[in-house]
Amino acid sequence: MSRGILPLLAAGLLAGVAPAHARATPAPALRVAAASDLATAFEEIGPAFQRATGRRVTFSFGSSGMLAKQLQQGAPFDAFAAASAQYADAATRHGACEAATRTPYARGRLALYSRLPGQAPSRVADLAAPRFRRIAIANPDHAPYGQAAREAMRAAGVYDRLKPRLVYAENVRQAVQFARTGNVEVAIVALPLVAADAPATWTEVPATLHAPLVQIVVACRGGADFAGGKAFGVFLAGPEGQIILARHGFAAGGQK
């Protein structure tokens, strides 16, 4: 066999193998940075999105402020589902995400939560009772639900008295864990994270006590699938996404 024929055979073999190999390799999963209050709902949203579009999706949960900071530092996400407009807008101003794709998808709801049936206070002002020695909230420095919890306590006129009792969690999901493990007597958290618990363990905080938690999704440039990020936002704000979010305790009416 001449030396000239070998490269031709090799090229021919590769030409025959490459397409089959390409077909066998699954497309990379869409990467979505998601606020912690979405953790329960997105367990259902992920598979529903894949059925509708054929795209797999993975989620990285955290406080919206921390996720926005990661996006600004170049984190490779295709979409950002934030718990407040403040942090979604910060990501678009920086250029990490695209402002033209900005879509409100729901409103968050705040709840007083206890792991023990019948022990959740019925009003924010009731947190001043001595039996609530430790109260968990998400860190207001970077978590929208922590900011809303602080606003609610101020509106109820009890924040100064409660401040020494506050225990700060990294995000609102961790605040729920503090209450579930008994590290605190009560927590002020996202209602969607505890909505499936026995009704006696939580009380919804009136939305009049804090600024609206308008939740925003945007497609981002750091990932490998910007079109997929846009599709995820469309799905989240669409009929199927809205039904799932409502089932998990989110309020409709993302428009501010």
Candidate pair Glu240 and Ile243, rule side chain to side chain contact (heavy atoms under 4.5 Å, CB included), full reasoning: CA-CA 5 Å; Glu240 188 173 358; Ile243 289 171; 5.7 Å; no
Any disulfide (SG to SG under 2.5 Å) involving residues 80-141? Give me the pairs, sequence neighbours left out, ordered by first then second residue. Cys97-Cys220
Is the ring pair Phe235/Phe49 parallel, tilted or perpendicular, if the boundaries are 30 and 60 degrees? perpendicular
So disulfide (SG to SG under 2.5 Å) across residues 39-75, not counting sequence neighbours, yields none
Examine Arg165 relative to Phe132 and say whether NZ or CZ is less than 6.0 Å from the centre of the six-membered ring and inside a 45° cone about the ring axis. no
Examine Tyr168 together with Tyr145 and report whether their ring centres are nearer than 6.0 Å. no
If you define the side chain from C-beta out and look only at heavy atoms, does anything of Leu191 sit under 4.5 Å from Trp202? yes
Closest heavy-atom pair and its distance - Val124, Leu112: N-CD1, 3.9 Å
Can you find a heavy atom in the side chain of Ile188 that is under 4.5 Å from one in the side chain of Leu127? yes
Give the C-alpha distance, both sets of side-chain angles, the deciding distance and a yes or no for side chain to side chain contact (heavy atoms under 4.5 Å, CB included) between Phe232 and Arg55. CA-CA 9 Å; Phe232 183 78; Arg55 283 183 163 100; over 6 Å; no
For a 4.5 angstrom cut-off between non-hydrogen side-chain atoms, does Pro192 reach Leu38? no
Start with the C-alpha gap between Arg161 and Met153, add the side-chain angles, then the distance that decides, and say whether side chain to side chain contact (heavy atoms under 4.5 Å, CB included) holds. CA-CA 10 Å; Arg161 274 185 287 168; Met153 287 184 282; over 6 Å; no
Can we say Arg247 and Glu44 salt-bridge, meaning some charged N sits less than 4.0 Å from an Asp/Glu carboxylate O? yes
Are any of the side-chain nitrogens in Arg221 or Asp78 under 4.0 Å away from the carboxylate oxygens of its partner? no
Do Ile216 and Val218 make a side-chain contact, defined as non-hydrogen atoms from C-beta onward lying under 4.5 Å apart? yes
Flag the pair Asp197 and Arg115 as a salt bridge only when some basic side-chain nitrogen lies within less than 4.0 angstrom of an acidic carboxylate oxygen. no
Arg154 vs His210 side-chain heavy atoms within contact, under 4.5 Å: no
Testing Arg173, His248, Gln215 one by one against Asp37 for a side chain to side chain donor-acceptor pair (under 3.5 Å), which residue passes? Gln215
Assess whether a salt bridge exists between Glu185 and Arg133, defined as any Lys/Arg side-chain N lying under 4.0 Å from an Asp/Glu carboxylate O. yes
Less than 4.5 Å apart, any side-chain heavy atom of Lys230 and any of Val234? no
Would a hydrophobic clustering, with Ile, Leu, Val, Met, Phe, Trp and Tyr connected at side-chain separations under 4.5 Å, put Leu30 with Phe226? no
Are any of the side-chain heavy atoms of Phe250 and Gln242 separated by less than 4.5 Å? no
Residue set satisfying salt bridge (Lys or Arg N to Asp or Glu O under 4.0 Å) with Glu204, at least two apart, ordered chain then number -> Arg109
Do Arg123 and Asp126 sit within salt-bridge range, that is, some charged N less than 4.0 Å from a carboxylate O? yes
Test log, rule ring pair (Phe, Tyr, Trp, His ring centres under 6.0 Å), inputs Phe59 and Phe80: CA-CA 10 Å; Phe59 302 110; Phe80 178 26; over 10 Å; no
Looking at side-chain heavy atoms only, is the closest gap between Val189 and Leu110 below 4.5 Å? no
Using the rule that two of Ile, Leu, Val, Met, Phe, Trp, Tyr join whenever any of their side-chain heavy atoms come within less than 4.5 Å, decide whether Val205 and Phe178 are in one cluster. no
Taking all heavy atoms of Ser64 and all of Ser84, pick out the closest pair and write down the distance. OG-N, 4.4 Å
Give the cluster check for Val184 versus Val194: same hydrophobic cluster or not, with ILVMFWY residues linked at side-chain heavy-atom distances below 4.5 Å. no
